[in-house]
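We number each residue from 1, following the sequence as shown.
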Amino acid sequence: MSNTPLAPAPVASEHVDLRPRNVSFGWEDTPLHWLPGDPFAGHMINVLHLLLPAGERWFVHVYKQVLPYIEDERLREDVVGFIGQEAMHATAHDDVLPHLKRLGLDPTPYTAQVDWLFEKLLGDRTLPPGRARHWWLMERVAMIAAIEHYTAFLGDWVLNADALDRRGADPTMLDLLRWHGAEEVEHRSVAFDLFMHVDGNYRRRARTWATAFSALVFLWQRGVRFFMENDPHLVDGRASFGQFFLAGQQGVLPSTGAMLKSIPKYLSRTYHPSQEGSTAQAVAYLAASPGANGGVRA
């Protein structure tokens, strides 16, 4: 198999200037079971609050290191905007954790494990300058591109998940998820474009996808089990694939089929993130979001 990267076909009309938005969410009235009658689906989504703060701070840390390698000025501007948005995402999800603790579900034991993963296992290593250090940086840049494929997938899903509205999902939580999802759709091409710009090695792209996908599945199932087992309102809280599959069929979680179909899309040599999702839809939601108010932070 050739390792020469093909030039993916981006959709030029999907490009927008990226800016971090000031957001504010009040959690006083949000219940622990913010999706009525379905604690499993709610907790499955709650795992985002555990994974994203550490993960997105890690994104920012890695991207600050790769900035000197960017030779395209527009891409540099996109990466700077991406960094600002990811930093705000981390802060917004971090703010949910004290509320969960007040409701009787302390996430600290799990978040400590996530922090170790991103800060130690995937953090900077004591490597000699030159090839080894550059290799580790490129590995992490490629891994972020793979993860961003799934955050954009989830962002597009939540923007169109009408079942959450019909089920009476808490409006503040839904606004947080859709604000974040809309920005993931808005900047969905940046991580991939950066990887292609500084490296583009297809074998690395496929290898790091496998690593990122496996890590996400592992962390997510551990997270939802942690929530279900420690939920003070559940007598015998359990999590299973059957529950996930059913929730996907009901539309309150992404369907198993849609998630599986996303795999060959990313691994296609002609794939580009701009070919999926709608920037216009994302920008329209951001302009109307009660939490974001369409505001932009300098």
Side-chain angles (χ1 to χ4, degrees), residues 4-23 52 55-91 134 136-156 159 179-202 204-205 208-209 212 265-287 289 292 294-298:
T4 304
L6 298 179
V11 180
S13 62
E14 291 296 301
H15 181 271
V16 295
D17 293 332
L18 302 174
R19 298 290 185 273
R21 294 168 176 82
N22 275 321
V23 295
L52 291 179
E56 294 186 314
R57 284 191 291 266
W58 176 70
F59 291 0
V60 170
H61 178 74
V62 172
Y63 273 19
K64 285 182 177 179
Q65 294 181 42
V66 84
L67 278 173
Y69 294 89
I70 302 174
E71 298 177 354
D72 181 274
E73 188 56 37
R74 191 173 86 165
L75 179 59
R76 176 185 294 274
E77 292 175 0
D78 288 343
V79 171
V80 171
F82 177 98
I83 288 173
Q85 290 188 342
E86 294 295 288
M88 182 58 75
H89 296 171
T91 299
H134 183 265
W136 181 231
L137 179 60
M138 292 302 107
E139 286 288 297
R140 292 183 292 172
V141 169
M143 197 174 300
I144 292 172
I147 294 172
E148 280 291 299
H149 171 63
Y150 285 102
T151 57
F153 169 85
L154 292 173
D156 185 50
L159 285 173
W179 155 73
H180 186 169
E183 288 199 344
E184 292 297 333
V185 171
E186 187 181 45
H187 71 222
R188 65 193 182 279
S189 298
V190 176
F192 185 85
D193 287 343
L194 177 61
F195 167 68
M196 295 300 292
H197 178 73
V198 298
D199 186 80
N201 183 293
Y202 182 80
R204 171 173 278 143
R205 174 176 151 195
T208 53
W209 165 82
K265 289 181 180 179
Y266 183 73
L267 295 178
S268 167
R269 288 177 176 268
T270 59
Y271 168 80
H272 191 271
S274 64
Q275 299 161 4
E276 299 185 276
S278 167
T279 299
Q281 181 187 28
V283 170
Y285 184 82
L286 292 167
S289 164
V296 175
R297 184 175 61 167

Checklist entry - Does the separation of the ring centres of F192 and H149 fall below 6.0 angstrom? => result no
Checklist entry - How about V198 and M138: do any of their side-chain heavy atoms sit closer than 4.5 Å? => result yes
Next on the checklist: Does the Lys NZ or Arg CZ of R205 fall within the cation-pi geometry relative to F195 - under 6.0 Å from the ring centre and within 45° of the axis?
Outcome noted: no
Checklist entry - About how many Å separate CG of L137 and NE2 of H134, when rounded to the nearest 0.5 Å? => result 6.5 Å
Item to check | Interatomic distance, L75 atom CG to D193 atom CG [nearest 0.5 angstrom] | outcome: 6.5 Å
Checklist entry - Side-chain contact, heavy-atom cut-off 4.5 Å: L52 with H89? => result no
Item to check | Listed partners of T151 passing side chain to side chain contact (heavy atoms under 4.5 Å, CB included), at least two apart | outcome: I147, E148, E184
Item to check | From NZ (K265) to CZ (F153), nearest 0.5 Å | outcome: 8.0 Å
Checklist entry - Taking R188 for the side chain and V185 for the main chain, is one N or O donor matched with an acceptor at less than 3.5 Å? => result yes
Next on the checklist: How close do R76 and L67 get, counting heavy atoms only, and between which atoms?
Outcome noted: NH2-O, 3.3 Å
Checklist outcome for this item: Nearest heavy-atom contact between S189 and S274 is OG-N, 3.4 Å
Next on the checklist: So, using side chain to side chain contact (heavy atoms under 4.5 Å, CB included) as the criterion, who are the partners of Q281 when residues are at least two apart?
Outcome noted: D156, L159, N160, S278
Checklist entry - Heavy-atom distance under 4.5 Å between the side chains of I144 and Y63, does that happen here? => result yes
Next on the checklist: Could you measure the distance from the CG atom of N201 to the CE atom of M196? Nearest 0.5 Å is fine.
Outcome noted: 9.5 Å
Next on the checklist: Quick one, F82 and D78 - any side-chain contact, counting heavy atoms below 4.5 Å?
Outcome noted: no
Item to check | Minimum-distance pair of heavy atoms, taken over all atoms of A146 and T208 | outcome: CB-O, 4.2 Å
Item to check | Minimal non-hydrogen separation, A292 against S289, with atom names | outcome: N-OG, 3.1 Å
Checklist entry - Roughly how far, to the nearest 0.5 Å, is CD of E86 from CZ of R57? => result 12.0 Å
Next on the checklist: Would you say that Q85 contacts E186 through its side chain, given a criterion of any heavy-atom pair below 4.5 Å between the two side chains?
Outcome noted: yes
Next on the checklist: Measuring only between side-chain heavy atoms, which start at C-beta, is M88 closer than 4.5 Å to E183?
Outcome noted: no
Checklist entry - Between atom OH of Y202 and atom CH2 of W209, what is the distance when rounded to the nearest 0.5 Å? => result 10.0 Å
Next on the checklist: Quick one, I83 and F59 - any side-chain contact, counting heavy atoms below 4.5 Å?
Outcome noted: no
